[in-house]
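Notes for the one structure printed next.
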Amino acid sequence: MNRWKRPFAIVCLILIGILIAGAIILAFMDTELSRSLLMADLFCLMVIPACFYGYQMLLNLRKQKDGKQDPK
């Protein structure tokens, strides 16, 4: 599982960058649809990194449980 950390982190950074760019673009548009999309974009900017962090914590707990990593 260690070989997946770097590509997973790169994909996460690209996704967050796209969401930030989308939020900036939608913030300057003035339609009802763009307001709804902006709220959805901002929600994803909060939830997606939290899910990635939770996934990483679960992987670390799994490694500790299997005895592959010394607990700190």
Side-chain angles (χ1 to χ4, degrees):
M1 202 53 134
N2 208 5
R3 64 183 178 161
W4 292 100
K5 280 187 179 181
R6 186 171 297 213
F8 187 67
I10 291 171
V11 169
C12 294
L13 287 175
I14 290 171
L15 181 60
I16 291 171
I18 290 170
L19 287 172
I20 290 172
I24 291 171
I25 291 169
L26 289 170
F28 289 111
M29 297 174 78
D30 192 29
T31 64
E32 190 63 36
L33 179 62
S34 67
R35 289 183 191 139
S36 300
L37 291 174
L38 178 62
M39 291 299 120
D41 194 326
L42 293 175
F43 176 78
C44 288
L45 272 172
M46 291 183 280
V47 171
I48 289 175
C51 290
F52 290 148
Y53 181 72
Y55 178 70
Q56 183 181 11
M57 281 183 26
L58 288 175
L59 287 178
N60 287 337
L61 288 174
R62 183 177 173 197
K63 283 182 185 178
Q64 286 179 0
K65 186 178 179 182
D66 291 340
K68 295 180 182 175
Q69 184 180 14
D70 294 332
K72 293 181 182 178

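Since we're looking at a predicted model, the values are computed, not measured.
- In this pair, Tyr55 and Phe8 present their aromatic rings tilted. The plane angle is within the 30 to 60° band.
- The hydrophobic cluster containing Ile48 also contains Leu37, counting ILVMFWY residues as joined when their side-chain heavy atoms lie under 4.5 angstrom apart, directly or transitively.
- Pairs of residues two or more places apart, or lying in two chains, that qualify as side chain to side chain donor-acceptor pair (under 3.5 Å) and include a residue from residues 16-30 are Asp30-Arg35.
- Tracing side-chain contacts under 4.5 Å through hydrophobic residues (I, L, V, M, F, W, Y), one reaches Met39 starting from Met29; they form part of the same cluster.
- One distance of note links CD1 of Ile20 with CD1 of Ile25; it measures 12.0 Å at 0.5 Å rounding.
- To the nearest 0.5 Å, atom NZ of residue Lys65 and atom CG of residue Leu58 are 11.5 Å apart.
- Atom-to-atom distance recorded for Leu19:CG and Ile24:CD1 is 11.5 Å, nearest 0.5 angstrom.
- The distance from the SG atom of Cys44 to the CD1 atom of Ile18 is 12.5 Å, given to the nearest 0.5 Å.
- Taken to the nearest 0.5 Å, the CG atom of Leu38 stands 11.0 Å off from the CG atom of Leu33.
- With values rounded to the nearest 0.5 angstrom, Cys51 atom SG is found 13.0 Å from Gln56 atom CD.
- Here the closest non-hydrogen pair linking Ala23 and Asp41 is N-OD2, 3.2 Å.
- Hydrophobic clustering, with ILVMFWY side chains joined whenever heavy atoms are under 4.5 angstrom apart, groups Leu26 together with Phe28.
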